[in-house]
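Here is the structure we will look at, set down as structure tokens.
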Amino acid sequence: MRFPKSLFFFIAAFITVGLLLITTPAKAAKDLPQEKAVGNIETVATFNGAMPTGVTVSQTGRIFVNFPRWGDKVDFTVAEIKNNRSVPYPNAAVNVANKDKPKDSLLSVQSVVIDALDRLWILDTGSIEFTPTIDGGAKLVGVDLKTNKIFKKIVFPQDVALKTTYLNDVRFDLRRGKEGMAFITDSSPNGANAIIIVDLETGKSWRRLNNHPSTKAEDIDTFLPIVEGQPLMSRPPQAEISAFKVGADGIAISSNGDRLYYCPLSGRTLYSVSVDALVEPASEEEVAKTVINHGDKGGASDGLESDAENRIYVTNYEDNAILRRLNNGMYETVVHDSRLLWPDTLSLASNGYLYFTANQLHRQPNFHNGKDLREKPYSVFRIKVDAKPVALK
């Protein structure tokens, strides 16, 4: 029986189409549309030991990082990066946590920041593994980078660094007072949140916006963070699941020093407050009147930073991204990359690069019933943004 030639062509075409549709799962996955990265990031340093939180870069290009004592084995809590190696800074001895001499040792450092005079400031929480703040341990330490020696040590009194306080990040305006002022966030997960102001000359310090709604974590009925596609909740082993609630964390100062920007870690709202109101003898009500709610910034943030053009950089740990808020209130994406697993601290250096840590904070055991999901190494990255840092001096 002979079939029409046209039928043979039809059968051949049908088989060809079928073969095109049948492909391996790996090839199919490769050919499907995927999320696109934004920005070209460079790896600066990697870490196979303790996880870092803060990073800062001097005007001569020296890079400093810190490792808080949260539970990892931490041989030193502050380091300088040399040839991709972490070297204890300013020396090994001061990095030995000595609870008997809390004023003279670095207990658990959360943040390191270079000021406009190219000096390193170390913010010591005075709290090891989130235990109550050790009297005399919560402090701000200044290091002269020319001599690598400590030149200033400001210990916070107990009515400023409360037992529940967790000192998080710091910014400076060196024009205020005789030696300048520092501004610090208290991000306590279980106590009062606030902005702490420090007179660098006298060492006097005080709290502002104490327990103000803008410094507090947002409630779970309005904020549920989603990280790597999973709701981020506190899930300690053999304990009830609870909301992840951390207060004022990220901080940045405007280019003219008039406004201080901040945000709770648990929340998507950006706020600012008058710096004049923070430093002058005003009531809490008068300070609160100067707070501005700048609205939703597109995601939850850890670190903030600013530049000389008064643009505000915000990390977005929900979307593995860093955004930049323009002067008209609009946002643009600086970086979006799957490697930004919890972008933490931002540091704009004088070389025009924005440096930042990625430390997988959300994969820690406390979020996963005691199971550590972090994968080493942790990283410090950078990206060229062609911006200058704020220099209030």
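Every heavy atom of this structure was used, including side-chain atoms; hydrogens, water molecules and symmetry mates were not.
The minimum heavy-atom distance linking Phe367 with Leu361 is given by the pair CE1-O, 3.4 Å. When all heavy atoms are compared, the tightest approach of Ala308 to Pro389 is CB-O, 4.0 Å. Closest of all the heavy-atom pairs between Ser105 and Asp124 is O-OD2, 3.6 Å. Here the closest heavy-atom approach between residue Leu348 and residue Ala387 is recorded as CD1-O, 4.0 Å. When all heavy atoms of Phe156 and Ser205 are compared, the pair lying nearest together is CD2-OG, 3.5 Å. Considering all non-hydrogen atoms of both residues, Val143 and Pro90 come closest at CG1-CB, 4.3 Å.
Salt-bridge annotation for Asp135 and Lys103: absent, with no side-chain N of the basic residue lying under 4.0 Å from a carboxylate O of the acidic one.
Between Val287 and His212 the shortest side-chain heavy-atom distance does not fall below 4.5 Å. Inter-residue side-chain proximity for Tyr331 and Val314 is flagged as met; some heavy-atom pair is nearer than 4.5 Å. Asp258 places none of its side-chain heavy atoms less than 4.5 Å from the side chain of Val275. Between Leu224 and Met233, some side-chain heavy-atom pair lies under the 4.5 Å cut-off. Residues Leu304 and Leu270 form a side-chain contact, since some pair of their non-hydrogen atoms from C-beta on lies under 4.5 Å apart. Between Glu201 and Lys152, every side-chain heavy-atom pair lies at or beyond the 4.5 Å cut-off. Residues Tyr261 and His294 form a side-chain contact, since some pair of their non-hydrogen atoms from C-beta on lies under 4.5 Å apart. With a 4.5 Å cut-off on side-chain heavy atoms, Asp75 and Pro88 do not count as touching.
Judged by distance alone, the side chain of Glu284 and the main-chain N or O of Leu209 form a donor-acceptor pair under 3.5 Å. A donor-acceptor pair under 3.5 Å is formed between the side chain of Asn310 and the backbone N or O of Ser255. In this structure, Arg339 contributes its side chain and Ile41 its backbone to no donor-acceptor pair below 3.5 Å. The backbone N or O of Glu218 lies less than 3.5 Å from no partner atom in the side chain of Arg268, so there is not a single donor-acceptor pair. A donor-acceptor contact shorter than 3.5 Å is absent between the side chain of Asp344 and the backbone of Thr357. Of the possible donor and acceptor atoms, none in the side chain of Glu80 sits under 3.5 Å from a partner among the backbone N and O of Val87. Not one N or O on the side chain of Arg374 forms a donor-acceptor pair closer than 3.5 Å with the backbone of Met51. A donor-acceptor distance shorter than 3.5 angstrom exists from the side chain of Gln360 to the backbone of Glu375, with no hydrogens or angles considered. A donor-acceptor pair under 3.5 Å is absent between the side-chain atoms of Asp249 and the main chain of Pro264, judged by distance alone. Looking at Asp118, its side chain does come within 3.5 Å of a backbone N or O of Gln59 through a donor-acceptor pair.
Atom NZ of Lys149 is surrounded by 12 or fewer heavy atoms from other residues, nucleotides or ligands within 6.0 Å. Under a cut-off of 6.0 angstrom, the local environment of CG in Asn328 is crowded, with over 12 non-hydrogen atoms contributed by other residues, nucleotides or ligands. At most 12 non-hydrogen atoms from other residues, nucleotides or ligands lie less than 6.0 angstrom from CD of Glu240. Within 6.0 Å of atom NZ in Lys163, more than 12 heavy atoms from other residues, nucleotides or ligands are found, so the atom counts as buried in its surroundings. Within a 6.0 Å sphere centred on CG of Asp221, heavy atoms belonging to other residues, nucleotides or ligands number more than 12. In this structure, Lys101 places its NZ atom where only 12 or fewer heavy-atom neighbours from other residues, nucleotides or ligands lie under 6.0 Å away.
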Checklist entry - Going through the distances and angles, do Tyr313 and Val385 end up as a side-chain contact (heavy atoms from CB on, under 4.5 Å)? => result CA-CA 11 Å; Tyr313 299 77; Val385 292; 4.2 Å; yes
Next on the checklist: Applying side-chain contact (heavy atoms from CB on, under 4.5 Å) to Arg382 and Asn351, what does each step give before you reach the verdict?
Outcome noted: CA-CA 11 Å; Arg382 72 176 187 176; Asn351 60 10; 4.0 Å; yes
Checklist entry - Passes side-chain hydrogen bond (donor to acceptor under 3.5 Å, both in side chains), Asn359 versus Thr53? Steps please. => result CA-CA 7 Å; Asn359 58 22; Thr53 54; 5.7 Å; no
Item to check | Check against side-chain contact (heavy atoms from CB on, under 4.5 Å), Asp169 and Gln110 | outcome: CA-CA 7 Å; Asp169 208 350; Gln110 174 65 26; over 6 Å; no
Next on the checklist: Under the criterion salt bridge (Lys or Arg N to Asp or Glu O under 4.0 Å), I'd like the reasoning laid out for Arg176 against Asp276: C-alpha separation, chi angles, the key distance, then a yes or no.
Outcome noted: CA-CA 10 Å; Arg176 294 180 180 270; Asp276 285 342; 2.9 Å; yes
Checklist entry - Would Lys371 and Arg363 satisfy side-chain contact (heavy atoms from CB on, under 4.5 Å), going step by step from the backbone distance to the final call? => result CA-CA 9 Å; Lys371 186 176 181 180; Arg363 293 181 173 182; over 6 Å; no
Item to check | Trace of the salt bridge (Lys or Arg N to Asp or Glu O under 4.0 Å) decision for Asp199 with Lys178 | outcome: CA-CA 9 Å; Asp199 185 320; Lys178 292 184 177 180; over 6 Å; no
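Using modelled atom types and a 3.5 Å distance limit, the side chains of Ser214 and Asn293 yield no donor-acceptor pair. There is no side-chain donor-acceptor pair under 3.5 Å between Ser187 and Thr185. Judged by distance alone, the side chains of Asn48 and Lys376 never bring a donor and an acceptor atom under 3.5 Å apart. For the residue pair Asn190/Tyr166, the side-chain donor-acceptor check at 3.5 Å is not satisfied. A donor-acceptor contact under 3.5 angstrom links the side chains of Asp186 and Thr165, judged on distance only.
Taken to the nearest 0.5 Å, the CZ atom of Phe172 stands 9.5 Å off from the CD1 atom of Ile114. Put simply, CG on Asn91 and CG on Asn148 are 9.5 Å apart, with the number rounded to the nearest 0.5 Å. Rounding to the nearest 0.5 angstrom, the gap separating the CZ atom in Phe151 from the CG atom in Leu120 is 9.0 Å. Here the CG-OH distance, from Leu265 to Tyr317, works out to 4.5 Å after rounding to the nearest 0.5 Å.
Under the 6.0 Å cut-off for aromatic ring centres, His362 and Phe244 do not qualify, their centroids lying 6.0 Å or more apart. Less than 6.0 angstrom separates the ring centroid of Phe47 from the ring centroid of Phe67.
Test Arg324, Arg325, Arg311 against Glu332 for side-chain hydrogen bond (donor to acceptor under 3.5 Å, both in side chains) and you get one pass: Arg324. Screening Ser306, Ser254, Ser274, Ser272 for a side-chain hydrogen bond (donor to acceptor under 3.5 Å, both in side chains) involving Arg259 leaves a single residue, Ser272.
Residue Leu278 is grouped with residue Val291 when hydrophobic side chains (ILVMFWY) are merged at heavy-atom distances under 4.5 angstrom, including chains of intermediate members. By the rule that hydrophobic residues join a cluster once side-chain heavy atoms approach within less than 4.5 Å of another member, Val109 and Tyr89 end up as members of one cluster. Hydrophobic cluster membership is shared by Leu392 and Met181, with clusters built from Ile, Leu, Val, Met, Phe, Trp and Tyr side chains linked at under 4.5 angstrom. Using a 4.5 Å cut-off between side-chain heavy atoms of Ile, Leu, Val, Met, Phe, Trp and Tyr, with links allowed through other members, Leu106 and Leu145 fall into the same hydrophobic cluster. Leu200 and Ile195 are not part of a single hydrophobic cluster, where members link through side-chain heavy atoms under 4.5 Å apart.
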